[in-house]
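One structure below.
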Amino acid sequence: MKKIALGLGLAATCAVTALATVGAKDRPAELRLNQIQVLGTHNSYSQGVDKHLLAMADAAIGPQLAIFTSRMTGEMKRSWEEYHPNPGSLSDGLTYRFPSLTAQLDAGVRSLELDINHDPEGGRYAHPAGYAALKAKGIADSEIEPRDATDMDKPGLKVFHIADFDVRSSCNLFRTCLTQLRRWSDAHPNHAPIFILVEAKSDALPIFPGSTAPLKFDRAAFDEMDRTIFDVIGRDHMVTPDQVRGTYPTLEAGVLAQHWPTLSQSRGKFVFLLLTALDPAALAAYHEGHPNLEGRAAFLRATPGQSYAAFLLMDNATLRAKEIPERVAQGYLVRARADIETYEAKVNDLSRANQAFRSGAQVVSTDFYKPGNGYGTNYVVRLPGGGEARCNPVNAPKDCALNR
């Protein structure tokens, strides 16, 4: 009897094990953070540039820019044409503006871009030279678009595009912007992960008398950035480089092993992606002493082969139509743009947007996520299938059912 009972017990155990194995095979693979695609906005804080300033900038810069680009050759020309592939003036490239960050999140946008400017003492950018130039030309305050100067005199990272010129922002302090995001997240705790692109700016546009020289980003500035992110957003509401690296020898090794957290683990969280316009000094200031971004808040723009490579900026999905899907399949996060310097909205052409979505770039950014633009066309970029995220067309499992 004992042998019979033992045999029945073993048979039952084997049956349960077999059923469990079959169930595991039939169970859909859990979607990972890098296997989704979201719609984002570019310079998401922007309130637009006053038309008088745009006219002054075009008059001052247009002829110089034409001469500058005509003299480009070799690699410099190829790089310029990749990131500036379309014809157009400076003012054309800035013909966009956005509502508040939270309004964009309410609309389903899941990637935002914030440009930060170093201002440790406060007040450095409080009095834009461009506005002084407008007054010197006799343009009345009533004719100039209002600019909110709240907190511009306080120490801390400031959020705007170009000093003295493109400075109208929906949230002037980086800390204020992040506070708005965290409050929205707390009110929507199960949201898809939100990708925040942060660009460290040091661009100067010295065309106005008394222009301000922007401060370069050094290690202290980036340490301040990280402290602010950790303080306001909180480590428990973030996906960090340390989490993706895990026990792998480098961050890139973790990326290539697809060691991204699952979508369910990433819900309600933020992913910070840092750009520095490939300024070698700024790049080094963030990763020196942190070769795999140990302890850092953001994934740094990289090129494959670097120990910290996880995030690649490939804005021109038309030019990179072959490479982007390959990099996405390998495990990297990629940002591409649906429109570049507003040209696609001007000519009402969605071909670049469609290519960006097909490429599998996890973040596809646009300046036109809702109807209405300065050109009067009906150009609008929407995430295919709608919703806040969709299964990535390149690397998501075949049985992915995110939008079903």
Side-chain angles (χ1 to χ4, degrees), residues 24 29-37 111 193-200 217-230 233-267 269-314 320 322-336 359-363 392 394-397:
E30 190 164 8
L31 204 61
R32 294 193 174 272
L33 171 66
N34 66 318
Q35 295 177 320
I36 65 172
Q37 188 175 66
S111 177
I194 299 171
F195 299 83
I196 304 296
L197 283 89
V198 180
E199 182 169 1
F217 268 78
D218 55 14
R219 184 172 299 187
F222 282 125
D223 287 346
E224 179 188 353
M225 181 195 81
D226 278 2
R227 283 195 304 271
T228 305
I229 293 172
F230 286 134
I233 300 298
R235 294 174 187 268
D236 58 337
H237 281 73
M238 296 170 57
V239 175
T240 65
D242 284 338
Q243 294 169 11
V244 176
R245 180 169 60 93
T247 58
Y248 288 90
T250 66
L251 174 56
E252 186 179 49
V255 166
L256 297 178
Q258 310 290 331
H259 193 243
W260 293 96
T262 63
L263 176 59
S264 60
Q265 292 170 334
S266 307
R267 285 196 173 276
K269 296 185 178 181
F270 293 84
V271 185
F272 285 85
L273 309 172
L274 177 61
L275 318 177
T276 64
L278 280 185
D279 176 354
L283 285 168
Y286 196 70
H287 70 72
E288 279 187 352
H290 310 263
N292 299 291
L293 305 181
E294 294 92 339
R296 285 302 198 184
F299 296 88
L300 179 61
R301 175 186 182 179
T303 56
Q306 294 174 312
S307 64
Y308 58 85
F311 162 51
L312 312 179
L313 188 73
M314 294 185 172
R320 301 287 181 175
K322 181 180 178 182
E323 185 178 2
I324 292 176
E326 293 173 349
R327 298 305 187 187
V328 168
Q330 289 173 333
Y332 298 100
L333 286 182
V334 177
R335 197 286 287 270
S359 75
Q362 289 87 350
V363 175
N392 192 293
V394 169
N395 66 349

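One-based numbering along the sequence shown. What you see is a predicted model; the values in this text were computed from it and never measured.
F311 pairs in a side chain to side chain contact (heavy atoms under 4.5 Å, CB included) with only one of the listed residues (L300, L251, L197, V363), which is L197.
In this structure the side chain of P397 reaches within 4.5 angstrom of the side chain of Q35, judged on heavy atoms. No side-chain heavy atom of I196 sits less than 4.5 Å from a side-chain heavy atom of S111. In this structure, Q258 and N34 have side chains that are in contact, with non-hydrogen atoms separated by less than 4.5 Å.
Among pairs with a residue in residues 248-258, none fulfils salt bridge (charged side-chain N to carboxylate O under 4.0 Å, His left out), at least two apart in sequence or across chains.
Of the inter-residue distances, the one linking R32 atom CZ with S264 atom OG reads 9.0 Å to the nearest 0.5 angstrom.
We find that D242 and R235 are not joined by a salt bridge, their nearest charged nitrogen and carboxylate oxygen being 4.0 Å or further apart.
Side-chain atoms of H287 do not come within 3.5 Å of backbone N or O of P291 as any donor-acceptor pair. In this structure, T240 contributes its side chain and A297 its backbone to no donor-acceptor pair below 3.5 Å. With hydrogens and angles ignored, the 3.5 Å screen pairs no side-chain donor or acceptor of Q362 with any backbone N or O of R335. For W260 (side chain) and G331 (main-chain N/O), a donor-acceptor pair under 3.5 Å exists by modelled atom type. In terms of modelled atom types and a separation under 3.5 Å, the side chain of E288 and the main chain of A285 share no donor-acceptor contact. Although no hydrogens or angles enter the test, the distance criterion places no donor-acceptor pair under 3.5 Å between the side chain of Q306 and the main chain of N292.
Counting all heavy atoms, side chain and backbone alike, L33 lies closest to S266 at CB-OG, 3.8 Å.
Residues passing the side chain to side chain donor-acceptor pair (under 3.5 Å) test with E224, sequence neighbours excluded: none.
With no hydrogens or angles considered, no side-chain donor-acceptor pair links Q330 and Y332 at under 3.5 Å.
Within the cation-pi definition used here (under 6.0 Å to the ring centroid, within 45° of the axis), R219 does not qualify as a partner of Y286.
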